[in-house]
Structure formats: C-alpha cells, structure tokens
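We name chains A, B, ... by the order of the sequence lines, and we start the count at 1 in each one. Everything numeric here is computed off the predicted structure, so don't read it as measured data. When reading the values below, keep in mind they use all heavy atoms of this one structure, side chains included, and skip hydrogens, waters and symmetry mates.
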Amino acid sequence: MSTIIEPLRGVHDILPSGIGTWQFLERTTREVFAAYGYEEFRVPIIEQTQLFKRSIGDFTDIVEKEMFSFVDQGEDHITLRPEATAGIARAMISNGLLRGARQRVWCMGPMFRRERPQAGRYRQFHQIDAEAFGFEGPDVDAEIILLSARLLRRLGLTGVKLHLNSLGTPASRASYRERLIGYFSAYESQLDEDSRRRLHANPLRILDSKHPETQRIVAGAPHLGESLDPESRAHFEALCARLRAAGIEYHVDHRLVRGLDYYTRTVFEWITDSLGAQSTVCAGGRYDGLVEQLGGPPTPGIGWAMGQERIVMLLEQLGRHDGLQSPDVFLVASGERAQAFALELAERLREGSPRLRLQVNLGGGNFKAQFKRADKSGARYALVLGDEEVGRGVVALKDLRGDQAQVDCPAEEIGGRLSVLLGLDEGNTGKS
RNA sequence: GUGGACGUAGCUCAGCUGGUAGAGCCCCGGAUUGUGAUUCCGGCCGUCGCGGGUUCGAGUCCCGUCGUCCACCCCA
C-alpha cells in the first residue's frame, strides 16, 4: 500500500451530505441577482500577478504575503486570484464593455489566500461577488447594499448588522492619514507593537485594533468624517437617506476601513456575532479609481463580496438547506433476465419522464440486500423486477414510505403510473 | 506570521498515576432459499497523525514535525 496523499492545508472537500446548504445558497443567489437585473459573469481563476499588485495594492497583506504566485513553464508570472473584483474589472476592460456603457454583474467561485487556516478562514474559499460599473451617484450604492440585504434576508440570516462608512476621495483620505499620523505619533510609546508598525505604513488600520490600550487611544483619534470632502459627505448622506427610506438599519462606523487599497468613498460590512473572530460575512465598497488604474477608461465602480463558507456555517446553524436530492424510484432487479432488462426499462422510463429521478440497483445482490439499498437511497417507491415479473410482462410497484400494498403493473404502463403518483406532469419545478 | 488547545477504527468518542487497544453508529453477512426501515446473532476495519527520544516496556512521558481548532494578525 502506498502512502495516502493528504489534502493541502486550509482546503476542504464539500461532501454530498453537506451540499444541500451550498445549493440553497447558490440557488437563492441566482434568484436575487436576477430580481435586480444583474447578469452572471465568469472570469479566470488565474491572472497575471501584476493585476493584483496594481489593484489591491503592493503593500497590502494580501499581496505581500498571502498570494499563491508562481512562474509557469513559459515564465509567465501567475497568481491564483485572491479576490474577484480585480479580475472582473480587467475583463470589463479587455472585452471593451465599458465604452460608455454601464454594467451590473455578479460572479461566484473559489478564491485563494495563503493565510493560517481557522474555521471560516481557508486557503481556498468561495465568494459571491456583485459589481456595478459606470454609476456615479449614491443610488447605485444604495441598490447594491439593498441587494445584499435582500439576499441575506432571503437566506434567513437576520442576525447580521450593516456597518457603514465613507473613506472619501483619495485626496481627503490622504489628508486624514496625515492627521492620524500626527495624532498617534504623540502616543507612539503607548501603542501596541502591531500598531506602531502600522503608524507610517497604514495608520488607518490602527483604528480597528483590538488591543485594549490602543483602543483607549483610538477613542480620542480624529474622525474620518471630519476630514471628508464636501462631495463625499453629500454622497454619503444621500446614501444613508436612501437606506433609511428603504427601512434598512445601519450603523455609521467611522473606524471601518478596508484592507484593499482600491476602495474610495462608501465602504460597508455585514457583521455577525455567531462566527467568532470571522465576523464579517459580506463586505464591499466603492472603487472609483480602479478601472483607470488598470488602464481602462475612467469608470466609477462599486461592489461587494460575500464569503460562502461563512454564510454556509450560519445556514448550518439554522438548519437551512435544500432537501437531499434522493431518487423518486429505486429499481430492484434480481435474476438473469430481470437484470438484463432493468437498464433498458430504466432508460425507457427516463425517456418518457425527463424529470423522473430513477436509481437502478447495480452490482446484483439478493432481494433483501437490494431492498436495503432502496430504503437507504431515500426513494419513495421501489420497482421490483424478477424473472417471474419479466415472464409475465409486469413490474411490481412498492410504496417504501406508506402502507399501500405492493401491486403488479404492466411494464408498458408503469411510466404513466409513476408520473401520476409523483406529480411529474404538472409542470412544476420538481419541488413538491 | 505570533501564542495556546487538541490529533485513538469511515463517524462520535472511552482508555485511571506508562505494561503491546475498546464502545456506539456506519458497513457486510445471517435469522428455512423473492422484499427494506424494528429486533436478535455474527463479521470487517486501527502500524493510537507522522518521526525521533526516555524506559525492560509508551496511545499514555519528552522533543520535533504535520494537521485541525481558538485568540491575535488579516479578512470574505
């Protein structure tokens, strides 16, 4: 026996037994995006390393120490995407979709970050992304937040709270940065080690330090809001008004900042207290300079990303998921003639009822063993085919979940019979 | 990346102060030869995460390593 190959650190398998939660999330996601006129967009998982350096920022933690980057055999510098926005912006530019046009799209898929794993934080994880390009005003900020709110509500996640802030324009952010450095420098010796390191690299991050001593100092720090330029302030206030009008509760949190450099003006997070340290379930904001920074036409943008694993954990806590997709019918076949006929009969039934979910016993076994499998499959009905039935041209129909007696049915009528019993001809979507 | 807890059959776990491993569930088979989910009987499964050390002897002690989890960090 050779040694077992272990999965890589921080990646995980999603098994059939757990897939129902993912399917519920993904189905609901598609429905909600469709309701807002957002179209699905699929972009590559690998991109040029340069894309992420230029968009996320050279000195962010993601780019500095968390990217899976490599040089391929043709010597291209490649990175597994750590987030989706950069790739979507790149694709918008590559395909010439922003020439005066506006785009509202969404995307779903795996992302990669080489972090130390923890529950809710993995090296391969999945995000749902919403992005809108070409909209200047606060109406799109409101819409995209309302969209996230509706999705969370449709999922049944009511315990999440919306935190909101505005980072202002790059210019007002820069002036705020200077004020912060001035303020914190006076307390430099009292700051914790991490915050001291960030003082000149990224002083905004000191604001959300969890260090108690530092927090006391942060309490007296100047507010981002005070440094906001008038236009950003008006934009933010208009957004807040729209959220209030829509009945969305929010907290303005002046300490809310983002780890990716491309954000401007509006930033927001949906936060839960049910997941320990991994409390952010959805986060996003405006990135008005990003497209231009990537060589495209000046185009405002806004978007958010939702962590699917984190959402799935919340859904599992609530027991919300799509039901198991058990077969409707399990076909039991024992005996030489019966087994030879079984696959043929099954194909005929599937041909006649495309929505029928029919599982055929494989690998033989006596009737007892096959009925055990039929029961375990979750099927509602069993079709029983022995040489005796084949000889008489019938199939026995047994109700595995009720007390209807087993009955024989002519082989050519069984398809119609099942369709009636299972309601397959009523044109619904298979949910019953 | 830093600190800490944990790591025993596929799963959930027991195994006292060191003496070469157990239970339940699952799975497979049987209870007069064609019928499941209950019951009864029987069976399979582990180099006790991996490597080294201490010891006559280690799942049980020590060190290292890998992994999971918690907090920090970061972030979705």
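A donor-acceptor contact under 3.5 Å is not formed by the side chain of A:K368 with the base of B:U35. The base of B:U2 sits within donor-acceptor range of the side chain of A:R116, with an N or O pair under 3.5 Å. Side chain A:Q406 to base B:U35: a donor-acceptor pair is found below 3.5 Å.
OP1 or OP2 of B:A76 has not a single side-chain nitrogen or oxygen of A:R310 nearer than 4.0 Å. Between A:R9 and B:U68, a side-chain N or O to OP1/OP2 separation shorter than 4.0 Å is present.
Distances were taken from every side-chain heavy atom of A:K210 (C-beta onward) to each of B:C72, B:G34, B:G36; the shortest belongs to B:C72. Considering only the side chain of A:L400, B:G36 comes nearest among B:C72, B:G36, B:A76. Which of B:U68, B:A76, B:G3 sits closest to the side chain of A:R121 comes down to B:A76. When distances are taken from the side chain of A:K398 to each of B:A76, B:G30, B:G36, the shortest belongs to B:G36. The A:D375 side chain lies nearest to B:A37 when the options are B:A37, B:C75, B:C72.
Panel note: side chain A:S209, backbone A:I206; no donor-acceptor pair is recorded below 3.5 Å.
Residue-to-nucleotide proximity on RNA chain B shows that, of A:L8 and A:C282, the 5′-proximal contact is made by A:L8.
Within 4.0 Å of A:V384, counting heavy atoms only, lies at least one base atom of the nucleic acid.
By the 4.0 Å N-to-carboxylate-O rule, A:E213 lies close enough to A:R216 to be salt-bridged with it. A:R154 and A:E31 are joined by a salt bridge, as a carboxylate oxygen and a charged side-chain nitrogen come within less than 4.0 angstrom of each other.
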Derivation and outcome, side chain to side chain contact (heavy atoms under 4.5 Å, CB included), residues A:F70 and A:L80
CA-CA 9 Å; A:F70 59 97; A:L80 269 56; 3.6 Å; yes

